[in-house]
There are 2 protein chains.
Amino acid sequence: MPTDKVPDIVVGRLPLYLRTLNYLIEEGYEIVSSHELGRRLGISPAQIRKDLSHFGEFGKQGAGYDVKYLSSQLKHILHVEGVWPVALVGCGALGHALANYNGFVTKGFEITLIFDNDPAKIGQVVAGKVIHDVADMPRLICEHGIRIAIVAVPSSAAQATVDVLVRCQVRAILNYAPINISVPPGVQVQNIDPAVHLQRMTYYL
Amino acid sequence: MPTDKVPDIVVGRLPLYLRTLNYLIEEGYEIVSSHELGRRLGISPAQIRKDLSHFGEFGKQGAGYDVKYLSSQLKHILHVEGVWPVALVGCGALGHALANYNGFVTKGFEITLIFDNDPAKIGQVVAGKVIHDVADMPRLICEHGIRIAIVAVPSSAAQATVDVLVRCQVRAILNYAPINISVPPGVQVQNIDPAVHLQRMTYYL
DNA sequence: TCTCTCTTGTGAAAGCAATCACATACTCCT
DNA sequence: AGGAGTATGTGATTGCTTTCACAAGAGAGA
């Protein structure tokens, strides 16, 4: 039966399911079984069925899941049916790469505001967007009603940046700074630190 | 008592502990308690103590942990006492950013080989390193004894790239391509896909 | 129509991970 | 020197996640 209270670990797998389903659509699949989906993801079929069962019944017994239907349902569950405007703070090498990444839009995101604190960069155009002064962040983020931000500033500036974002009603932060940031309850944070990911693997080498 | 068989989820937290310990060193701390460490990481003190207990006894009752000592022990456990040479495959915007990222060396990694398949890029110098032809990957990676690679190629090329890397004895892969790659047992993979991280958060918005 | 095969959705069971709580031991202060 | 305060390391417990196993439903072919 549907939504009691879904474990976060389950929510974390849904985007992976969605990503794979969209590849299946491109490949022309119309129906997929939990077995095939699990094979592609390296996840057990039972886990996929159990995960989906938190949200409803999406499959047909004896057949499997309608790929397009399940994809659209997952987009609905994840609130990525439309396109979220996203603020990017920090426009160094990484910020540039993110601003030019063309994979966001089809996944439900678009970088609409870019900020930096370097006077030499402010006013420049990156990926069709003007780089704004971080000093204007509060005003612009409020005006645009931004709820999602990507932080790509140096570690030393990360916490202060996040504090400003939180005050501007940003409620989801993707943090590329290699430092632990703290946020009030109700604000989501995801961290990406390549060194942390690499060190996790070297343990096994 | 020490190493029975450590859960992967515990291994995954060690780099975070290490990262925070190194910040504590910079701040001049000499001793830290599990309570303080946990406060900074958003992790319970009990969990930190339990995690560390898998590897030995590093603290002093009544006092806490010697920050430098624990840091060095974690580096030892994670096999990042030295510097691993790393191959970077794919030198687009993201590859550039990674090549120029100066945070790797102090964490135990150095990008020593860069590859791309674009004839216009091959031979160019990025971050002091020549971009090599992917066709030369097998030879160069073997010659340098590389065990770790970062994949920053388009999704369509990711699996083929990984297959080559695995044949070259690469055993740890940090994958930035937004696709699930498959590898034989014994090869570590970590995935970084910003869209997946963002979608995980939009569920709660 | 009937049977065989396939696959879902889901309680129950098993397996893991996080927290609790306390014995032990170290430090600091008087 | 001794007592109060503090923090570790760890068995026991609680809570969470994954896997198992099967009833029920759907389709295909005879």
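In the text below, chain A, chain B and the rest are named by the order of the sequence lines, each starting its count at 1.
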Could you tell me how far apart [X] ([atom1]) and [N] ([atom2]) are, to the nearest whole angstrom?
X: A:Arg39; N: C:dT7; atom1: CZ; atom2: P; value: 13 Å
X: A:Tyr17; N: C:dT8; atom1: OH; atom2: C1'; value: 15 Å
X: B:Phe55; N: D:dG9; atom1: CZ; atom2: P; value: 13 Å
X: A:His35; N: C:dT5; atom1: NE2; atom2: P; value: 18 Å
X: A:Leu52; N: D:dT19; atom1: CG; atom2: C1'; value: 16 Å
X: B:Leu37; N: D:dT6; atom1: CG; atom2: P; value: 19 Å
X: A:Ile48; N: D:dT19; atom1: CD1; atom2: C1'; value: 13 Å
X: A:Ile31; N: D:dA26; atom1: CD1; atom2: P; value: 14 Å

Can you classify the ring geometry of B:Phe104 versus B:Phe109 as parallel (below 30°), tilted (30 to 60°) or perpendicular (above 60°)? perpendicular

Axial cation check for A:Phe55 ring with A:Arg49, 6.0 Å and 45° limits: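 Not satisfied by the 6.0 Å and 45° rule.
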
Reckon [X] has a side-chain N or O less than 4.0 Å from the OP1 or OP2 of [N]?
X: A:Ser44; N: D:dT19; result: yes
X: A:Ser34; N: C:dT8; result: yes
X: B:Arg13; N: C:dA17; result: no

Considering only heavy atoms from C-beta outward, does the side chain of A:Asp193 approach that of A:Tyr176 to under 4.5 Å?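 Of all side-chain heavy-atom pairs linking A:Tyr176 with A:Asp193, none is under 4.5 Å.
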
Would you check if A:Ile179 and B:Tyr23 make a side-chain contact, meaning some heavy-atom pair closer than 4.5 Å? yes

Which residue, A:Val10 or B:Gly59, contacts DNA chain D at a nucleotide closer to its 5' end, judged by nearest heavy atom?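 The answer here is B:Gly59.
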
Using the closest heavy atom to pick a nucleotide of DNA chain D for each, name whichever of B:Gly64 or A:Arg49 lands nearer the 5' end.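 It is B:Gly64, whose closest nucleotide lies nearer the 5' terminus.
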
Can you tell which of [options] lies closest to the side chain of [X]?
X: A:Ser33; options: D:dG9, C:dT8, D:dG11; answer: C:dT8
X: B:Tyr65; options: D:dT10, D:dG9, C:dA12; answer: D:dG9
X: B:Ile9; options: C:dG9, D:dG9, C:dA17; answer: C:dA17
X: A:Ala46; options: D:dT18, D:dC20, D:dG11; answer: D:dC20
X: B:Lys50; options: D:dT8, D:dG11, C:dT10; answer: D:dG11

Where B:Ser155 and B:Ala177 come nearest, the two heavy atoms and their spacing: CA-CB, 4.1 Å

Provide the closest heavy-atom pair for B:Ile122 versus B:Asn117 in the form atom of the first, atom of the second, distance.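 Minimum heavy-atom separation between B:Ile122 and B:Asn117: CD1-C, 4.3 Å.
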
Would A:Arg40 and A:Glu27 pass as an ion pair if we require N to O under 4.0 Å?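 Salt bridge between A:Arg40 and A:Glu27, a charged N being under 4.0 Å from a carboxylate O: yes.
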
Can you tabulate the close N/O pairs, meaning under 3.5 Å, that link protein atoms to atoms of nucleotides 26-28 of chain C?
unit_1: C:dC26; atom_1: O4'; unit_2: B:Gln61; atom_2: O; d: 2.9

Which part of the nucleic acid, if any, lies within reach of A:Pro7 when heavy atoms closer than 4.0 Å are counted: base, sugar-phosphate only, or nothing?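 If one applies the 4.0 Å heavy-atom cut-off, A:Pro7 turns out to touch the sugar-phosphate alone, with no base involved.
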
Per side-chain contact (heavy atoms from CB on, under 4.5 Å), A:Thr20 is matched among A:Leu41, A:Val67, A:Ile43 by A:Leu41

